[in-house]
Amino acid sequence: MSSFTPEPMNNSQIAAVLDQVADLLEFQAANPFRVRAYRNAARLLHDLAEPVTAILADTQRKLSDLPGIGRDLADKIAELVETGELPQLNELLAAVPPSVLTLLRIPGLGPKKAAALHAQLGVSTLDELRAACEAGRVRELKGFGTKTEQAILANMQFATTAQSRMYWADADQIVLALREHFAGCPGIAQLEFAGSYRRGKETVGDLDVLAVSSTPAQVMDCLATFAPVVDVLARGETKMSVRTHHGLQIDLRVVEARSFGAALQYFTGSKDHNVILRGLARQRGLKINEYGVFRVADQSEEYVAGATEQEVYGALDLPAFPPELREARQEFEWARQNSLPQLVEVSDIRGDLHVHTDDTDGRASLEEMVQAAQQRGLSYLAITDHSQRVSMARGLNADRLLAQWARIDRLNEQLRGFSVLKGIECDILERGGMDLPDEILAQADWVNASIHYGQRQSRQQITERILQAVEHPYVTAIAHPTGRLINRREAYDVDLDAVIKAAGEHGKCLELNASPQRLDLDDVQCAAAKARGVMLVLSTDAHGPEGFDDLRYGVLQARRGGLTRSDIVNTHSWPQLKTLLQMMK
DNA sequence: GCCGTTTTCGGCCCGACTGTTTTCAGTCG
């Protein structure tokens, strides 16, 4: 009775398989460059704007045209998509129990040590490893000792409590506090935060701090007294690592002024971006490390640059890439063609098109939200409260919505140089269709359509519901198009590529929701939408006045997606945007 | 496993810190 056909693998799933192969190969002490090839391919596919299946279906193109995918990997990926399986992975899994990979999650335990534990003590789970440590068997192994054994026991908790990465917004709070703390420390000439925090990633795994000082020990002493710090993990001449009570690791590096730019570049990463950069340097007889750019000759090395990032990149005739773009995606290609996008900035945003009030689940009144928007320099605001289906939020039925719109009309009469738009966040019902009648929606200035219920429906159902909304004449935008909540809830199973394509065809906007737990669409999805010419709308989904401050999180995500102001509709004034919407129809 | 205005073989980014070492391997970023 089953007419079930398996869903084609999406790029993320293919990437996950390749990453798993890399993990297992690494465990087997395979050639590290071979491991890297798998990891590079996984990252490439994960970041790819179009589905791999589309390339495979296109006779004009080959997977091996992609940089980093050769014949071998192209064949393997094709087989994986075709059959849903990769024989190589099955062989690896037969040789290595997958549970040993959990050993690698223990900080300080890498593939070599984990393999030794597995081979010599027969350890393949965390519980077995704990028992071996407690029995004193680990310290007996060559290359291990009592300190290693103790460290494994102490760090085991970090492998079991599935450490989730911190929201960027939360990391930002710690950064602010740490900046203030360091301001009271003598001997610091320059200070900057690097790493994924500086690149604006939606989550941050650890914090990298960089300081210029002639007295590194003093700076390290200072970090040790930062109130949240509970543990010093390592401390050397120039480098120190600590852990805070949040479970966040902070890495401090102290350098000389002439190395500050090089160190900032180096520790901002990404790792893959740096690998490419150094390869380019090498081609020119240069070497880049965290101390500077050096010309390599016979036995000597001559310092060429390093005080600023501009100098470092300039030594290779490259622009100082915005940190958000340093992900080894397209940035080097863009630089080569002199076509780096001029990334959108917070000040480009003129209005907010997804906002709630206390008529539903917001915490402030219509008037208070308008005032807050004005104070932040916006010139328009769409009030988009929930529709009736969202009963928990006291969603609006047609009567209450019309009453709210009447209040908006009266409010607008009093306002100068500011427009309040009549909007709604209208639910896409479980059975399909919109939660309010067409004759009501027809009167709105802005209609966000979104899914809150039936999130666990099949891919086909969810996709069909959203496509219907895209095609609906009065819908302006799809809000939080994937429904994911970072670290908390997976995206619903939606064929986003089909949604993007339809949005392009019907002139509808897709939202980039700036709430730090959502950031939905993500950076890669934004880039995919842009590639299809789909307009994005960057909205805060504010539920109170402070919610407007989330805008900068969305802007960071947009920048990571390579978006410029012309890719985002609410960089226009409301009259311009209204005209644009008419033209897109 | 990938890649090629030196190349189809021999490279593939680079350094700090720790622990277990008598000179370095492993891990991390």
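Sequence lines set the chain letters: A, B, ... in the order given, protein chains first and strands last, and positions in each chain run from 1.
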**OP:** Specify the residues of residues 141-151 of chain A, ordered by number, for which at least one heavy atom lies under 4.0 angstrom from an atom of DNA chain B.
**Re:** A/Gly143, A/Phe144, A/Gly145, A/Thr146, A/Lys147, A/Thr148
Subject >> Of the listed nucleotides B/dA16, B/dG29, B/dG1, the one nearest the side chain of A/Tyr38 >> reply: B/dG1
Original post:
Under 4.0 Å between a side-chain N/O of A/Lys239 and OP1 or OP2 of B/dG29, yes or no?
Top reply: no
**OP:** Report which part of the nucleic acid A/Ser241 touches: base, sugar-phosphate, or nothing (heavy-atom distance under 4.0 Å, all strands).
**Re:** nothing
Subject >> Residue pair A/Arg282 / A/Lys287, side-chain heavy-atom distance below 4.5 Å >> reply: no
Subject >> ring pair (Phe, Tyr, Trp, His ring centres under 6.0 Å) involving A/Phe321 - partner list, sequence neighbours excluded >> reply: A/His273, A/Tyr313, A/Phe332
Original post:
OP1, OP2 of B/dA16 versus side-chain N and O of A/Tyr291: anything below 4.0 Å?
Top reply: yes
Subject >> With A/Arg484 via side chain to side chain donor-acceptor pair (under 3.5 Å) - residues at least two apart >> reply: A/Glu202
Original post:
Do A/Leu66 and A/Leu45 come close enough that some side-chain heavy atom pair is under 4.5 Å?
Top reply: yes
Subject >> OP1 or OP2 of B/dG15 under 4.0 Å from side-chain N/O of A/Arg253 >> reply: no
Original post:
Taking only residues two or more places apart in sequence or in another chain, which ones pass salt bridge (Lys or Arg N to Asp or Glu O under 4.0 Å) with A/Arg532?
Top reply: A/Asp497
Subject >> Of all pairs that satisfy side-chain hydrogen bond (donor to acceptor under 3.5 Å, both in side chains), the ones with a partner from residues 172-188 of chain A, not counting sequence neighbours >> reply: A/Asp172-A/Tyr197, A/Asp172-A/Arg552, A/Arg179-A/Glu192, A/His181-A/Thr225
**OP:** Just call it for A/Pro32: base, sugar-phosphate, or nothing, with non-hydrogen atoms closer than 4.0 Å on any strand.
**Re:** nothing
Original post:
To the nearest angstrom, how far is A/Ile250 atom CD1 from B/dC28 atom C1'?
Top reply: 17 Å
**OP:** Using the closest heavy atom to pick a nucleotide of DNA chain B for each, name whichever of A/Gly68 or A/Gly108 lands nearer the 5' end.
**Re:** A/Gly68
Original post:
SG/A/Cys526 to CG/A/Leu538 distance, rounded to the nearest 0.5 angstrom?
Top reply: 7.5 Å
Original post:
How far does the C1' atom of B/dG26 sit from the matching atom of B/dT21, given to the nearest Å?
Top reply: 12 Å
**OP:** Determine the sole option in A/Arg36, A/Lys112, A/Arg39 for which the salt bridge (Lys or Arg N to Asp or Glu O under 4.0 Å) test with A/Glu26 is passed.
**Re:** A/Arg39
Subject >> Value in whole Å for how far the P atom of B/dA16 lies from CE of A/Met220 >> reply: 12 Å
**OP:** Starting at atom CZ of A/Arg326, determine the distance to atom C1' of B/dG29, rounded to an integer number of angstrom.
**Re:** 16 Å
Subject >> Contact check, side chains of A/Leu104 and A/Pro111, non-hydrogen atoms, under 4.5 Å >> reply: yes
Subject >> A/Leu63 CG - B/dG1 C1' separation (whole Å) >> reply: 15 Å
Could you pull out every donor-acceptor pair under 3.5 Å between side chains of residues 117-127 of chain A and any protein atom, sequence neighbours left out?
| from | atom 1 | to | atom 2 | distance (Å) |
| --- | --- | --- | --- | --- |
| A/His118 | ND1 | A/Val123 | O | 3.0 |
| A/Ser124 | OG | A/Glu128 | OE1 | 3.3 |
| A/Thr125 | OG1 | A/Glu128 | N | 3.1 |

Subject >> Counter-base of B/dT8, judged by Watson-Crick or G-U geometry with both distances under 3.5 Å >> reply: none
Which side-chain N or O atoms in residues 135-145 of chain A pair as donor and acceptor under 3.5 Å with protein atoms at least two apart or in another chain?
| from | atom 1 | to | atom 2 | distance (Å) |
| --- | --- | --- | --- | --- |
| A/Arg139 | NE | A/Glu149 | OE1 | 2.9 |
| A/Arg139 | NH2 | A/Glu149 | OE1 | 2.8 |

Original post:
What distance, rounded to whole Å, do you find between the two C1' atoms, one in B/dC9 and one in B/dC28?
Top reply: 31 Å
Original post:
Does A/Tyr38 have any ring pair (Phe, Tyr, Trp, His ring centres under 6.0 Å) partners at least two apart in sequence or in another chain, and if so, which?
Top reply: none
Original post:
A/Thr238 or A/Ala74: which one's nearest nucleotide on DNA chain B is closer to the 5' end?
Top reply: A/Ala74
**OP:** Output all residues satisfying side-chain contact (heavy atoms from CB on, under 4.5 Å) with A/Lys201, sequence neighbours left out; order by chain, then residue number.
**Re:** A/Arg165, A/Ser196, A/Arg199, A/Glu327, A/Arg560
**OP:** Using the C1' atom on both, measure B/dT20 against B/dC14 and round to a whole Å.
**Re:** 23 Å
Original post:
Quantified in whole Å, what is the P atom distance between nucleotide B/dC13 and nucleotide B/dC17?
Top reply: 23 Å
Subject >> B/dG1 versus B/dT8 - spacing of their C1' atoms, nearest Å >> reply: 14 Å
**OP:** Looking only at side-chain atoms of A/Lys112, point me to the closest of B/dC2, B/dC13, B/dT27.
**Re:** B/dT27
Subject >> Same-atom distance (P) from B/dG10 to B/dG15, integer angstrom >> reply: 25 Å
**OP:** Using whole Å, report how far CD of A/Glu237 lies from P of B/dC17.
**Re:** 7 Å
Original post:
Of the residues in residues 17-25 of chain A, which ones touch DNA chain B at a heavy-atom distance under 4.0 Å?
Top reply: none
Original post:
How many Å lie between CG on A/Leu252 and P on B/dG29, as a whole number?
Top reply: 15 Å
**OP:** Mind calculating the distance between CG (A/Leu109) and P (B/dG29) to the nearest angstrom?
**Re:** 13 Å
**OP:** Check every strand shown and say whether A/Asn40 touches a base, only sugar-phosphate, or nothing at a heavy-atom separation below 4.0 Å.
**Re:** nothing
Original post:
Which pairs, with at least one residue in residues 165-207 of chain A and sequence neighbours excluded, count as a disulfide (SG to SG under 2.5 Å)?
Top reply: A/Cys185-A/Cys222
Original post:
In residues 262-288 of chain A, which ones come under 4.0 Å of DNA chain B, going by heavy atoms?
Top reply: A/Tyr266, A/Lys271, A/Val275, A/Arg278, A/Arg282, A/Lys287, A/Ile288
Subject >> Rounded interatomic separation in angstrom, taking NZ from A/Lys113 and P from B/dC24 >> reply: 17 Å
